[in-house]
There are 2 protein chains.
Amino acid sequence: MRQAPRRKRDSAATKEALLQAASELFTERGFSATTVRDVAARAGANQALLFRYFGSKQELFAAVLTRNSEQVIAELSAEELPRQLLINLLDSAEPDGEHPLVAMLRSWSDERAAEMLRGELGARYTERLSELSDADDAQLRADLVLAWLFGIGMVRSVLGKSPLAEADPEVIVRYVTRAASVLLERTGLSDDR
Amino acid sequence: MRQAPRRKRDSAATKEALLQAASELFTERGFSATTVRDVAARAGANQALLFRYFGSKQELFAAVLTRNSEQVIAELSAEELPRQLLINLLDSAEPDGEHPLVAMLRSWSDERAAEMLRGELGARYTERLSELSDADDAQLRADLVLAWLFGIGMVRSVLGKSPLAEADPEVIVRYVTRAASVLLERTGLSDDR
DNA sequence: TGGGATTGTAAGCGACTGCTTACAAGATCG
DNA sequence: CGATCTTGTAAGCAGTCGCTTACAATCCCA
């Protein structure tokens, strides 16, 4: 009788399974509350492989962030960004649609995680958003809008506070885009995008 | 030669020192990253006393939250709340002016900590803020504003992201109150308070 | 077919966590 | 003074953490 039905030999699939499991768990529990044992267990892999492939928990987190954010930020135009970002954020509570921002929110408290967000990710979102305004402090205004989206994601998805947590996403989007357009002002920022 | 210059015998002072140290550390590092040993060390007390007086790390956190929030929320009118809350939030990076919200932000990722914030604290802030609007979804609007303040506090004080982190508080306050007044609309919400 | 590299596994090391215990030192009061 | 309660201390327990090691199974290619 075999005592462990040995995993199929496929390093690429194992790596991907680890990344996927890590992405889910970081989103659900945050960086420090997620253990490498949990990640390996959900991926159905041995935890030693996690260290062989990613070196450390920290580098695994970096890999997850990179993987998840690349495409999202690439496929959205500046005009769509705030609205779509918000929608993604609001929907991410549902089944398994997870957004990297939620992982960011959950991992905020860890200094090593915050370091990455501060430098790499945040800057790109800010730059994209700041295209919407032609004020000279456009980046500050973009940061304020980003901060709002983060805050909403936290209160709604992470904290689960009422009534924000139960509110209709469409209503939220309407309120936020309307108020945000005051900040990101420019001639003719239509309110349907 | 005495090997430990025994602490003065004063339970009230010890309790207070523990509360103060815990408040600082929870603010600086968050709930899970703060250890009871750290708290006891900064308070100059033995860690066993922490458990004698507060029972558990969780109850200590609750005691800190209660102690710190009571007066702040009590001494502010609804009209002053958003502006003053924001100012407190923006100034809290400085010397030792710490705001309970920052502690909240840092401790977000812990489920036990989040539970308390969700129920007790958040509700009171929401209720106060919602007085500013006479819309029927005033509480939702208030939550959105609160979420914004949280988000700004996170990006600025916790994440330290530029340019928000270096921006002039007065500018931030002006932008936010102006955009927020779109949400908390009511006849004659003057923009200087 | 055989030998070295790659992928999987089990076990455990050392450090750290929240929390407890056993006890010494000072206070209080008869 | 001596008994008792309170306050402070040192040490350690049991569990978990990230990470490492030693080794078995499988693949690749000569």
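Each chain gets a letter, A, B and so on, in the order the sequences are listed, and its residues count up from 1. Computed from a predicted structure; not experimentally measured.
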Where the side chain of [X] is concerned, which of [options] is the nearest nucleotide?
X	options	result
B/Arg9	C/dG8, D/dA10, C/dA25	C/dA25
B/Arg37	C/dG18, C/dA10, D/dT6	C/dG18
B/Phe51	D/dG8, C/dG12, C/dT20	C/dT20
A/Asn46	C/dT21, C/dA10, D/dT7	C/dA10
B/Leu49	D/dG8, C/dC19, C/dT20	D/dG8

Under-4.0 Å side-chain N/O to phosphate OP1/OP2 contact, [X] with [N]:
X	N	result
A/Tyr53	C/dG8	yes
A/Thr14	C/dG8	yes
A/Ser11	C/dT7	yes
B/Thr35	C/dC16	no

Let me check the geometry of the helix from C/dT1-D/dA30 to C/dG30-D/dC1. What is the bend angle between the axes at its two ends, five pairs each, to 10°?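 About 10° separates the two local helix axes.
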
Aromatic ring pairing B/Phe26/B/Phe31, orientation class (parallel under 30°, perpendicular over 60°, tilted between):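 Parallel, since the angle between the ring planes stays under 30°.
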
Under the side-chain hydrogen bond (donor to acceptor under 3.5 Å, both in side chains) test against A/Gln20, which residue among A/Arg67, A/Lys15, A/Arg42 passes?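 Among A/Arg67, A/Lys15, A/Arg42, the one meeting side-chain hydrogen bond (donor to acceptor under 3.5 Å, both in side chains) with A/Gln20 is A/Arg67.
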
If hydrophobic clusters are built from ILVMFWY residues whose side chains come within less than 4.5 Å, do A/Val182 and B/Val171 share one? no

